[in-house]
Amino acid sequence: MEILRVTDLKKTYGTGDTAVEALKGVNLSVEKGEFIAIVGTSGSGKSTLLHMLGGLDRPTSGTVSIDGKDIFTLKDEELTIFRRRKIGFVFQSFNLVPVLSVYENIVLPIELDGNTPDKEFVDTIIDTLGLSDKRDSYPNQLSGGQQQRVAIARALSSAPQVILADEPTGNLDSKTSQDVMGLLKVMGERFAQTIIVITHNEEIAQTADRIIRIEDGLIANKEVLTWQKKNA
Ligand SMILES: Nc1ncnc2c1ncn2[C@@H]1O[C@H](COP(=O)(O)OP(=O)(O)OP(=O)(O)O)[C@@H](O)[C@H]1O
Ligand SMILES: [Mg+2]
């Protein structure tokens, strides 16, 4: 089943002489439960694409559909709500709230949405990510890898259908990076989530079902067939 479809997606920043065509017509279809790595050189348009996929910024033209919904037909407020319900984000800079505990950070998106967290589910995530003994700690009392796991737990806690991660292990050593990515993958499989991760790490990319290479604002590879083969 298709969860995400991108059609002729273009994004130009600025106008006139200083205009930068960051995306030049990207087409992409992602199946529910796929784990995708996005790779490409610096400035090729990876983050721009991820931001559009998550509705964090609007494209110049083209469409993004998530779970059948053409997201840019939504008004800003509607888009914010849609995003909060359907998508979990993990960024390189963990974006944790320093005055909130680990647990409070993790359930923040749920509470922002006016809902009560499913404590049992959140505890399962916290356990799986090895954060049980850090529940009541504050971000500045955690190591980088632990903070990143909190950011992942936060992205997972509302059980979003899609997780988008922009170099989530960029600040971590290679052992911790592997652990964090492994956990992300396990969690995604367990909860049937679709995960799209930008990474510069070739080893990490190789663990994905499919690698998408971005070059100069376009997808450079024909579809890698691993996932389809696996599911044939
Ligand atoms: N807000 C912005 N305003 C103007 N230009 C931008 C903006 N954001 C990105 N760009 C430009 O768009 C192009 C693509 O940037 P993008 O951040 O998507 O690259 P990237 O592939 O994520 O690179 P990196 O690996 O360095 O993170 C670059 O030329 C960049 O300078
Ligand atoms: Mg980037």
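Whatever order the structure lists ligands and atoms in, that order sets their numbers, starting from 1.
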For a side-chain hydrogen bond (donor to acceptor under 3.5 Å, both in side chains) check, start with the C-alpha distance between Gln161 and Gln193, then their side-chain angles and the critical distance, and finish with the verdict. CA-CA 5 Å; Gln161 290 185 313; Gln193 287 160 319; over 6 Å; no

Let me check your reading of the structure: within less than 2.8 Å of the Mg ion (ligand 2), is there an N/O/S atom from Ser47?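 Under 2.8 Å: Ser47 contacts the Mg ion (ligand 2) through an N, O or S atom.
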
Can you tell me which residues line ligand 1 if we count any heavy atom under 4.0 angstrom from one of its atoms, in chain and number order?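 For ligand 1, the residues that come within the 4.0 Å heavy-atom cutoff are Tyr13, Val20, Ala22, Thr41, Ser42, Gly43, Ser44, Gly45, Lys46, Ser47, Thr48, Glu167, His200.
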
Can you get from Val186 to Phe191 by hopping between Ile, Leu, Val, Met, Phe, Trp and Tyr side chains that sit under 4.5 Å apart?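 In one cluster with Val186: Phe191, no.
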
Indicate yes or no for a side-chain donor-acceptor contact from Ser143 to the backbone of Gln146 under 3.5 Å, with no hydrogens or angles considered.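 Side chain of Ser143 to backbone of Gln146: a pair is present.
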
Within a 6.0 Å radius of atom CG on Asp57, are there more than 12 heavy atoms belonging to other residues, nucleotides or ligands?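 Count over threshold, so yes.
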
Residues which pass side chain to side chain contact (heavy atoms under 4.5 Å, CB included) with Thr128, listed by chain and number, not counting sequence neighbours: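 Thr128 satisfies side chain to side chain contact (heavy atoms under 4.5 Å, CB included) with Thr124, Met187, Arg190 only.
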
Between Glu78 and Arg84, is there a salt bridge with N-O shorter than 4.0 Å?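 Salt bridge between Arg84 and Glu78, a charged N being under 4.0 Å from a carboxylate O: no.
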
